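All values reported here derive from a predicted model rather than from experimental measurement.
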Amino acid sequence: FGGFLSGGYSAETNDVALLTVEEQADQPNRFSAQWRVIPTQNPQFGVGRAYHSATLLAGRYLLILGGMTGSGCIVSEAILDTQTWTWLDPSRIMSGAALSSGDYRPSGRHGHSVILDDRRNRLLLFGGGSGTDLLRSGKDNAEVWQLQMRDGWAKDLEASFPWTWKKIHGEILVDGEEKEEEADGGEGRENSQGEGSSVASQPMLTPAETLCLGRCHNGVKVSPDTALLLFGSGKPSTNAVLAFDLRNNIFMRPKILGPLPKPRFTFASAFLQRQGYILVHGGYSSQEGDAIG
């Protein structure tokens, strides 16, 4: 879904494309792939954008949050029913207060990450950046927002509306100064990750650590109660890793061994759950001023 069709961060699209991958019956372990553009119903509800997040819910609904347009960043919640290819009316998704006041929802942003925390019936939005490009304008933030769904969303998502936003961590230690206190910390402060890691409540994050929440980082859920935030930010880029305890709403510092990859943002990653690997590829290093092959 989405993206820019032209250079200079312009011509954002709301096209939906489907990639079908099939194993060839006469040649085991050989696959064919084919793209096709899917016409959608109510396309006016699927606002075009780039550098957004896309999260599949209940095996059917694609939730689009945030993103960049040619005129700035948006939050603009949108949901596509992939069984009927129909965009849902956004006025049904959010409560009236969230739609009418910036105090009740995140500011426009791009390059954020979203984690589905199904144990607590919510989605968490981490960080991101503002502006109309990746390097020259805007600023990164270190916010964490919770989008609370109602019980039963996994069986009947539309019956779980309206949803509500809540900020659970404020923007702290960006550009070297503390800007807002932690909004809603966890009940406990114990180290739930085991030996070799340490707990870091949000006010303890250093400016360098907040880069892991900056624009175009990656967020990966690695267990039912733990998410990792990898690399990110263009001013400058980082190769650091933070963990977030979903149960207690606190950050943790995992112990990282071995040689570190180059600092980067706008990269791709994939979590191989069975093997316990996170594969990272590509990206751009603002320190080197070049793409990473």
Q: Please test Lys235 against Asp140 for salt bridge (charged side-chain N to carboxylate O under 4.0 Å, His left out), starting from the C-alpha separation and ending with a verdict.
A: CA-CA 8 Å; Lys235 301 187 290 185; Asp140 291 353; over 6 Å; no
[X] side chain to [Y] side chain, donor-acceptor N/O pair below 3.5 angstrom:
X: Ser223; Y: Asp225; result: no
X: His217; Y: Ser233; result: no
X: Asp151; Y: Asn121; result: yes
X: Ser237; Y: Ser286; result: yes
X: Asn218; Y: Ser269; result: yes
X: Arg30; Y: Gln24; result: no
X: Thr82; Y: Trp85; result: no

[X] with [Y]: basic N within carboxylate O range, under 4.0 Å:
X: Asp290; Y: Arg264; answer: no
X: Arg92; Y: Glu158; answer: yes
X: Arg247; Y: Asp117; answer: no

Would a 4.5 Å heavy-atom cut-off, applied to side chains only, mark [X] and [Y] as touching?
X: Trp165; Y: Glu77; result: yes
X: Leu213; Y: Leu229; result: yes
X: Thr55; Y: Ile64; result: no
X: Leu242; Y: Thr210; result: no
X: Thr84; Y: Gln41; result: no
X: Phe4; Y: Tyr9; result: yes
X: Leu272; Y: Leu279; result: yes

Q) Taking the inter-plane angle between the rings of Phe244 and Phe126 on a 0 to 90° scale, is it parallel (under 30°), tilted (30 to 60°) or perpendicular (over 60°)? A) perpendicular
Q: Applying side-chain hydrogen bond (donor to acceptor under 3.5 Å, both in side chains), run through Gln146 and Trp163 and close with a yes or a no.
A: CA-CA 10 Å; Gln146 168 184 288; Trp163 299 345; over 6 Å; no
Q: Let me know which of Asp118, Thr226, Leu228 forms a side-chain contact (heavy atoms from CB on, under 4.5 Å) with Lys221.
A: Asp118
Q: Using ring pair (Phe, Tyr, Trp, His ring centres under 6.0 Å) as the criterion, list what pairs up with His110, not counting sequence neighbours.
A: none
Q: Could you grab the distance from atom CZ of Arg109 to atom CD of Glu143, nearest 0.5 Å is fine?
A: 4.5 Å
Q. Do the side chain of Ser10 and the main chain of Gly70 share a donor and acceptor less than 3.5 angstrom apart?
A. no
Q: Would you check if the side chain of Asn42 reaches a backbone N or O of Trp87 as a donor-acceptor pair within less than 3.5 Å?
A: yes
Q) Under the ring-ring contact (aromatic ring centres under 6.0 Å, His included) rule, what pairs show up with a residue in residues 264-291, not counting sequence neighbours? A) Phe231-Phe267
Q | Listed partners of Arg274 passing salt bridge (charged side-chain N to carboxylate O under 4.0 Å, His left out), at least two apart | A | none
Q. Under 6.0 Å from the CD atom of Gln275, do we count more than 12 heavy atoms belonging to anything else shown?
A. yes
